[in-house]
Every structure is written in structure tokens, then in C-alpha cells.
Amino acid sequence: MTPPLTIDGSHGEGGGQILRSAVKISALFGRAVRIEHIRAGRRKPGLAAQHLTSIRAAGAICGALVEGDELGSQTLTFTPGHAVRPGRYEFDVAEAREGGSAGSACLVMQTVLLPLAMAPGESAVAVHGGTHMAWSPPFDFLHDVWLPALKLLGVEAEMTLRTPGWFPIGRGCVEARIHGHERPPAAIELTERGELMEIAGRAIAANLPAHIPQRMADRASALLGEMGVPVRIEPLRLRAACAGAGIFLTARYADISCGFGALGARGKSSEAVAEEAVDLLESHHRSAAALDEHLADQILVPLAVADGPSRCSVARVSLHLGTNAWLIEQFGLARVGIERQEDGTGFVTVSPAAQAPGVQSTFRKG
């Protein structure tokens, strides 16, 4: 039996991304993995509720034996028991900690979607938790940016926001229907993004007065009017378990969509929230890169198991991107080249291995 691959969880960015990517790859290829020094440099080291839920979700789809899946644990062993199986799955971040948790439902969904998309059959997944949280992609980014990018690679899924969930209570719900198949994702060449076609978005407020989303939408629309393209920002007032607000913008270019958002906070004006999101969009637009900073590292694993080499331009070479590239090479999935430019932008080249050494792919043949 092949011994587990040992991963240093404190490497690079040293956060939950290493953990989620590692169990995602482990589930895909059936390769046992041991992760040590999990989040060692964080204020509260070890596993938090959203990390536990991601691990247990990945374990559920491949029958994994998991050791060390406890709150605060800094060492985890994840041993898949069988190939990823499509089906109906439901996960709740609140169940991982007494008293509940508003941990990110979106990060849990990102952990299991690719493995299920590579399994032979349809899957339906519901994840309960936070849907619009700091330090994690909001539902709007997954729906408007991440899923369309995956579709370019041939990965097909639809996603629905059933209930929004905000800090500190959560209790939101994201659902996905995933159309699985046994072929690898398609390679892409995306060094240019094409013409900016439009800017769309949603200004959302939960359990707050209607003027808040309207003010966010109005301020963003006024600032973006100088971009010379149609701007459509919908103000939405929703119900949730607790109050929350934010604005989420999508820049739709001819060849790719990019996403930018900002969350409200006590004492932060609606106009300031809108200005923060607009600043991020305008900064990306000036870069001329195809992929925004967050999308770049979030599609790296699909590109690592694609049917050929890919090359993309990125708006910023982030620590997350470098860490994910390092992890992929630890598994032997691909060679990842990152060319950093003087202005902070860069180019990423991903060259998948014909067959990753020491692993058995559930979908790659030959």
C-alpha cells in the first residue's frame, strides 16, 4: 500500500486552502495524504468549523478514513476508500462546532464540486453556512465568475442561493446540481480577455432598510458610468438569519468574467462599500490581465488535471496562487510555471503530467 503523501500545512500562505486543495486532489486520485502543521501561523491554529466540514464533505464522496478531524487539530490523515461517487449530499458547517458556526458554505462547495464533476453521473449538493463572508468567495463570485470559468474547461454545474448567510450566525444555503463525466477538463489559452462588454452586479442587504442596497447600487453605477459600457446593478433586499450587506460586481469581457466585491460593516457607509468594490474592478481593468487575482488560484487544480497544457495571464501573483502551485507539484499532478512581471501581474503555465506518479486517476486513462 502506498504510504500517505505528507504535506506541510504551514507552507506559503499556510491557511485552509492547502487543506481543501489537498483533500480535493486526494479524493480525485485516491491518494492518501497526511497534512501536518495545519494553519500553524494563524492566531487560532488548526482546524476550524469550515475546515472540518470541507474535510468531512470530501470524505463523504469518496468513503475516506479520516484521522485528526477535530477542532483545533494540526495534523490530519485522509485516506480515500473508493472512487468518488455521484449522488445527493448535504453538509452543514454549523454541525462542526457546538453552538453553530457561520463558516463559509462556498468554500465547502468548492472542495467537492470538481471531484463530483469528474465522477460518472449527476450529483446534487446542498451546503449550509455562511454565503457572504469575509476572507472567502461569496456566492455571487461562484455563480457569476467561477462556474462560467469552469464551463470553459467543460465542467458543467448550476448553483442556486436558497438563503443568504452572514456573519456571525450564518444559516445560509447554497445548492448545486453537478453534471459528472469521466473525461478530464479541457486545456485553455487565456492570456487576453477581450473587450469589456458590460458590468453587472447585485447590491444586497439582509434584514436592513431598502435604501441601503439602493445607495450601494446608485454609487457604484455612478462611478462605473465612465467605463463606457452598460452597467446593470440590481438592488436586492433579502431575509436572512442575521443582518448583512454587500455589493458584488462582475466585469464581463469577451472571453472571461471577473468578480469583485465588498462587504458592509457597522459604521461603514453604503457609498464606501460600493467604492471599495469599484476600486477593485478598476484596478483589475487597468492590469489588462485575463484572470482576476482570486479566480487564478481557484481554477489551478482543474487546469492541473486538464487534457493538455494551459497558459493564462493573471492580474496579481498572489501568495495563494504560489501555494496552490506548490501543492499541485507535491502531488506530481503538473508542472506550474509562474512568471511574475514588474507591475505584479504575471503569466501562469500549467503542464499536466500524463499520469501523476503513484496515483490512480478515476477519469484519466492510459
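For clarity, every value in this text was computed on a predicted model and none was experimentally measured.
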Do [X] and [Y] touch side chain to side chain, with heavy atoms closer than 4.5 Å?
X    : Y    : result
I55  : V66  : yes
D69  : H51  : no
L303 : C312 : yes
T250 : F141 : no
R34  : L5   : no
T75  : I35  : no
I247 : I204 : no
L263 : W166 : yes

If I take atom [atom1] from residue [X] and atom [atom2] from residue [Y], how far apart are they, to the nearest 0.5 angstrom?
X    : Y    : atom1 : atom2 : answer
L321 : R340 : CG    : CZ    : 8.5 Å
E98  : E95  : CD    : CD    : 13.5 Å
D8   : L327 : CG    : CG    : 11.0 Å
F139 : C173 : CZ    : SG    : 10.5 Å
S21  : W326 : OG    : CH2   : 11.0 Å
I25  : L333 : CD1   : CG    : 5.0 Å

Closest non-hydrogen atom pair between [X] and [Y], with its separation:
X    : Y    : value
P302 : P185 : O-CG, 3.7 Å
G14  : R42  : O-NH1, 3.9 Å
A102 : P168 : CB-O, 3.5 Å

Quick one: does any side-chain atom of [X] pair with a main-chain N or O of [Y] as donor and acceptor, under 3.5 Å?
X    : Y    : result
T131 : G165 : yes
R193 : H285 : yes
S313 : A289 : no
T349 : G337 : no
D297 : H320 : no
N207 : A240 : yes
T345 : Q341 : no
S101 : R97  : no
S26  : A22  : no
T323 : L319 : yes

**OP:** Mind checking side-chain hydrogen bond (donor to acceptor under 3.5 Å, both in side chains) for R20 and listing every partner two or more places apart, or none if nothing turns up?
**Re:**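 side-chain hydrogen bond (donor to acceptor under 3.5 Å, both in side chains) list for R20, sorted by chain: empty.
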So for atom [atom1], which belongs to [X], do other residues, nucleotides or ligands contribute more than 12 heavy atoms lying within a distance under 6.0 Å?
X    : atom1 : value
Y89  : OH    : yes
R56  : CZ    : yes
R171 : CZ    : no
K151 : NZ    : no
R177 : CZ    : no
E122 : CD    : yes

Charged N-O contact under 4.0 Å between [X] and [Y]:
X    : Y    : result
E276 : K268 : yes
D144 : R202 : yes
E271 : R219 : no
E175 : R162 : yes
E198 : R232 : yes

**OP:** Kindly write out the residues that satisfy side chain to side chain contact (heavy atoms under 4.5 Å, CB included) with E189, not counting sequence neighbours, or none if the list is empty.
**Re:**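 Partners of E189 under the side chain to side chain contact (heavy atoms under 4.5 Å, CB included) test: T191, R311.
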Using a 3.5 Å cut-off and no angle test, enumerate the donor-acceptor pairs between side-chain atoms of residues 106-119 and protein atoms at least two apart in sequence or in another chain.
| residue | atom | partner | partner atom | Å |
| --- | --- | --- | --- | --- |
| Q110 | NE2 | Q298 | OE1 | 3.0 |
| T111 | OG1 | L107 | O | 2.9 |

Could you check whether [Y] and [X], counting side-chain N and O atoms only, form a donor-acceptor pair closer than 3.5 Å?
X    : Y    : result
H143 : E158 : no
H37  : Q74  : no
D140 : H132 : yes
H181 : E156 : no

Subject >> Pair I233-D218, side-chain contact (heavy atoms from CB on, under 4.5 Å): steps then yes or no >> reply: CA-CA 8 Å; I233 303 174; D218 289 346; over 6 Å; no
**OP:** Assess whether side-chain contact (heavy atoms from CB on, under 4.5 Å) is satisfied between R252 and L196, documenting all intermediate values.
**Re:** CA-CA 6 Å; R252 296 197 171 114; L196 179 62; 5.7 Å; no
Subject >> Ring centres under 6.0 angstrom apart (H284, F260) >> reply: yes
**OP:** Before giving the answer on side-chain contact (heavy atoms from CB on, under 4.5 Å), spell out for I299 and W146 the whole-Å C-alpha distance, their side-chain angles and the decisive distance to 0.1 Å.
**Re:** CA-CA 8 Å; I299 67 167; W146 185 61; 4.3 Å; yes
